[in-house]
Amino acid sequence: MSSHDTDANAMESLYPFLYADSFDLDSVLEQVRASTEAKAAEIGELRRAIGQRDGKRLGECAREAARRFRAGGRLFAFGNGGSATDAQQLATLFLHDSGLPAFGLANETAVVTALCNDIGTDVVFARQIAAAGTPDDIAVGLSTSGNSENMLRAFDAARQRGMLTVGLAGYDGGRMAEADSIDYLFVASSPSVHRVQEAQTTIYQVLWELTTQEVTHVPRHTR
């Protein structure tokens with residue numbers, strides 16, 4: 001069997017109704033509806049579980065992050081692959097929507113490629129944090145597996161500089177759950193990478209909202 005035939009068979013197994021001479025449209029639509037409802041229920045339950053388990057800690061983390069921002073600190077967000085995109089979105093929320101200094105460490109193409117080429121991928125975030133991090137800053141790392149070596153090294157570098165460290169992981173937290181260098185770890189406990197990333201989006205959105213509220217809140221002085 002040629003590679004073309006193999007690819008065609010694979011596509012047919014994924015989308016059988018596209019290759020059939022005739023198919024039951026109502027049945028296909030029902031399958032799509034049922035699948036969508038099941039996924040929505042799954043992510044809804046995961047978000048509720050995280051809220052019940054970590055709601056208080058999210059508030060504590062936001063207060064500590066706000067304290068850092070008020071002291072002139074900055075937020076450094078980082079991740080690999082799709083998590084790099086989420087890290088960029090997190091930095092954008094703080095920078096453009098709240099006017100707080102935030103950076104996505106995967107965005108600096110020249111720096112990232114130079115480090116990967118000259119030293120290695122394991123230090124791509126740690127070296128940036130080592131060069132720019134201060135005790136008033138915040139490091140937020142996102143990973144679905146929680147096992148990436150460059151994430152763990154980045155948290156170690158941030159801890160050495162006295163930064164607030166925040167981790168978002170999936171599954172059972174992986175090696176990030178065992179790391180002493182992460183002050184606040186929020187785990188989206190799901191075997192599905194899709195549900196993990198959806199839940200992580202909710203976590204960092206809530207963290208952004210709570211932190212912004214804390215930064216802009218001016219306590220009233222009582223007489």
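Nothing here was measured: the structure is a model prediction, and the numbers come from that model. Values reported hereafter were calculated over all heavy atoms of this structure, with side chains retained and with hydrogens, waters and symmetry mates removed.
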**Prompt:** Quick one: are L168 and V140 in side-chain contact, heavy atoms under 4.5 Å?
**Reply:** yes
Here the pair of heavy atoms bringing L207 nearest to C61 is CD1-SG, 3.9 Å
All heavy atoms of I50 vs all of A199, minimum pair found to be CD1-CB, 3.8 Å
When every non-hydrogen atom of A126 is compared with those of R153, the smallest separation belongs to CB-O, 3.6 Å
So the salt bridge (charged side-chain N to carboxylate O under 4.0 Å, His left out) pairs with at least one residue in residues 71-87 (sequence neighbours excluded) are R74-D137
For residues 103-130, the salt bridge (charged side-chain N to carboxylate O under 4.0 Å, His left out) pairs (sequence neighbours left out) are none
Begin from the C-alpha positions of D183 and R159 and carry the test salt bridge (charged side-chain N to carboxylate O under 4.0 Å, His left out) through to its verdict. CA-CA 9 Å; D183 296 315; R159 170 54 60 86; 2.6 Å; yes
Would you say N80 and N150 make side-chain contact, with heavy atoms under 4.5 Å? yes
Distance col, row T212:OG1 vs E209:CD, nearest 0.5 angstrom, shows 8.0 Å
Residues A139 and A158: closest non-hydrogen pair is CB-CB, 3.8 Å
After noting the C-alpha distance and the side-chain angles of S98 and L93, does the key distance pass the side-chain contact (heavy atoms from CB on, under 4.5 Å) rule? CA-CA 7 Å; S98 300; L93 286 171; over 6 Å; no
Practice item. Find out whether E64 and R68 are in side-chain contact, i.e. whether some heavy atom of one side chain is under 4.5 Å from a heavy atom of the other. Key: yes
Original post:
Salt bridge between R67 and D136, side-chain N to carboxylate O under 4.0 Å?
Top reply: no
Measure the shortest side-chain to side-chain distance between I138 and M163 over non-hydrogen atoms and say whether it is less than 4.5 angstrom. no
Please answer whether the main-chain N or O of L90 pairs with a side-chain N or O of Q205 as donor and acceptor at a distance below 3.5 Å.
no
Closest heavy-atom pair, G79 versus A87, reported as atoms and distance to 0.1 Å, is N-CB, 4.1 Å
key: R57/D54 ion pair, N-O < 4.0 Å   = yes
For this session: Evaluate the side-chain proximity of Q128 to V123: yes if any heavy-atom separation is below 4.5 Å, no if none is.
Result: no
* Strictly by modelled atom types, are S83 and S143 linked by a side-chain donor-acceptor pair under 3.5 Å? -> no
Has the side chain of R175 got a donor or acceptor atom that lies under 3.5 Å from a matching backbone atom of L152?
no
Here the gap from L100 atom CG to W208 atom CH2, rounded to the nearest 0.5 Å, amounts to 10.5 Å
Do the non-hydrogen side-chain atoms of I203 and L58 ever get within less than 4.5 Å of each other?
yes
message = Please tell me whether Y171 and M151 are part of a single hydrophobic cluster in this structure, the criterion being side-chain heavy atoms less than 4.5 Å apart.
response = no
*asked:* Please confirm whether the ring centroid of F103 lies under 6.0 Å from the ring centroid of F78.
replied: no
Practice item. For the residue pair I182 and V166, establish whether any side-chain heavy-atom pair is separated by less than 4.5 Å. Key: no
### Task
Look at the side-chain heavy atoms of Ile, Leu, Val, Met, Phe, Trp and Tyr, link any pair under 4.5 Å apart, and say whether F125 and Y204 land in one connected group.
no
Nearest heavy-atom contact between A169 and G146 is CB-CA, 4.2 Å
request  = Please check if the side chain of T113 supplies one atom and the backbone of A110 the other of a donor-acceptor pair under 3.5 Å.
outcome  = yes
dist L95:CG -> Q88:CD (nearest 0.5 Å) comes out at 11.0 Å
Tell me if a side-chain donor or acceptor on E214 pairs with a main-chain N or O of A62 at a distance below 3.5 Å. no
Taken to the nearest 0.5 Å, the spacing of T144 OG1 from L142 CG works out to 10.0 Å
If Ile, Leu, Val, Met, Phe, Trp and Tyr residues are connected whenever their side-chain heavy atoms lie under 4.5 Å apart, and connections chain through other members, are V206 and L185 in the same group?
no
- Cluster question for you: counting only ILVMFWY and a side-chain heavy-atom cut-off of under 4.5 Å, with indirect links fine, are F76 and Y184 together? no
inquiry  = I want to know whether F94 and F69 have ring centres closer than 6.0 Å.
reply    = yes
The complete set of side chain to side chain donor-acceptor pair (under 3.5 Å) pairs with one or both residues in residues 188-197, sequence neighbours excluded, reads R195-E198
Any side-chain heavy-atom pair of S181 and T165 under 4.5 Å: no
